[in-house]
Amino acid sequence: MKRNSAPSSIWRDPVQFLAFGCGIGAAPYAPGTLGTVLAVPLYLALSGLPLIGYLAVTAAMLAFGIWLCDIAAKRAGVHDHPGIVFDEVVGFLVTMIAAPDGWLWVLAGFGLFRLFDIAKPWPIRWLDKRVPGGAGIMLDDVMAGVFALIGLQLISYGAAHY
């Protein structure tokens, strides 16, 4: 496993600090997984919203994240630095759109999102390699979230009907 090395500027620069998950992205190992852990309490706080409110917050975070991650990556001098975890937060929120209630579903969504984010099946890997800037940083995780969302909904449907 490759060791993460976050720039020291994340502790002085509010943009980098936020993009690096309030510092959690500075963890030496598995910053993406820890960024997803960071997303769980945010999801729980938002899960009581009506679906339209949840979608609006998620869309606003995606739009903000494109700007945030673009600036943070430029300042860090690395496109899609592994410590930038704001994209994992948004990707997990996408995964959990209309998810059933309960910890089992949170854990299933977590596992599915991490699976797709790490494996990066097509077109996720394509987006990761070809879309520049903040959009590229965010969109591969959003697409991983969409794949995980579909998987979670299929599992939920199957569980409800069998």
A.B. asks: Please give me the minimum heavy-atom distance between Val85 and Gly25, naming the atom from each residue.
C.D. replies: CG1-CA, 4.1 Å
A.B. asks: Start with the C-alpha gap between Leu38 and Phe86, add the side-chain angles, then the distance that decides, and say whether side chain to side chain contact (heavy atoms under 4.5 Å, CB included) holds.
C.D. replies: CA-CA 9 Å; Leu38 180 67; Phe86 194 87; over 6 Å; no
A.B. asks: Using atom types as modelled and distance alone, determine if a side-chain donor or acceptor of Arg12 lies under 3.5 Å from a backbone N or O of Phe17.
C.D. replies: no
A.B. asks: Does Tyr157 share a hydrophobic cluster with Leu104, counting links as ILVMFWY side-chain heavy atoms below 4.5 Å and allowing steps through other members?
C.D. replies: no
A.B. asks: As a quick check of understanding, evaluate side chain to side chain contact (heavy atoms under 4.5 Å, CB included) for Phe110 and Thr33, giving each step before the final call.
C.D. replies: CA-CA 9 Å; Phe110 183 94; Thr33 298; 3.9 Å; yes
A.B. asks: Under 4.5 Å between side-chain heavy atoms, counting indirect links through other Ile/Leu/Val/Met/Phe/Trp/Tyr residues: same cluster for Ile137 and Met143 or not?
C.D. replies: no
A.B. asks: Distance-only check: which donor-acceptor pairs under 3.5 Å involve side-chain atoms of residues 46-66, not counting sequence neighbours?
C.D. replies:
residue, atom, partner, partner atom, Å
Ser47, OG, Leu44, O, 2.9
Tyr54, OH, Leu93, O, 2.7
Thr58, OG1, Tyr54, O, 2.9

A.B. asks: Would a hydrophobic clustering, with Ile, Leu, Val, Met, Phe, Trp and Tyr connected at side-chain separations under 4.5 Å, put Ile71 with Val131?
C.D. replies: yes
A.B. asks: So, Gln153 side chain and Ala98 main chain: donor-acceptor pair closer than 3.5 Å or not?
C.D. replies: yes
A.B. asks: With a 4.5 Å heavy-atom cut-off, do Leu34 and Tyr29 have their side chains touching?
C.D. replies: no
A.B. asks: So which atom in Pro31 and which in Pro82 form the shortest heavy-atom distance, rounded to 0.1 Å?
C.D. replies: CG-O, 3.4 Å
A.B. asks: Quick check against the 3.5 Å criterion: does Lys120 have a side-chain atom that pairs as donor or acceptor with the backbone of Asp117?
C.D. replies: yes
A.B. asks: So, for Met96 and Val106, which heavy atoms are closest and what is the spacing to 0.1 Å?
C.D. replies: CE-CA, 3.8 Å
A.B. asks: With the 4.5 Å side-chain cut-off for hydrophobic clustering, are Ile150 and Ile124 part of the same group?
C.D. replies: yes
A.B. asks: Rounded to the nearest 0.5 Å, how far apart are CD1 of Ile84 and CG of Leu18?
C.D. replies: 11.0 Å
A.B. asks: Which residue in the set Phe116, Phe113, Phe147 passes side chain to side chain contact (heavy atoms under 4.5 Å, CB included) when paired with Thr95?
C.D. replies: Phe113
A.B. asks: Please say which of Asp140, Leu139, Asp141 ends up in a side chain to side chain contact (heavy atoms under 4.5 Å, CB included) with Asp128.
C.D. replies: Asp140
A.B. asks: Are Val37 and Leu112 connected into the same hydrophobic cluster when the rule is that any two of I, L, V, M, F, W, Y join if their side-chain heavy atoms are below 4.5 Å apart?
C.D. replies: yes
A.B. asks: Determine the interplanar angle of the Phe92 and Tyr43 rings, folded into 0 to 90°, and report it as parallel if under 30°, tilted if 30 to 60°, perpendicular if over 60°.
C.D. replies: perpendicular
A.B. asks: List the residues meeting salt bridge (Lys or Arg N to Asp or Glu O under 4.0 Å) with Arg130, not counting sequence neighbours, and say none if there are none.
C.D. replies: none
A.B. asks: Would you give the length of the straight line joining atom NE2 of His79 to atom SG of Cys69, rounded to the nearest 0.5 angstrom?
C.D. replies: 10.0 Å
A.B. asks: Which heavy atom of Ala108 sits nearest to which heavy atom of Leu152, and what is that distance?
C.D. replies: CB-CD1, 3.7 Å
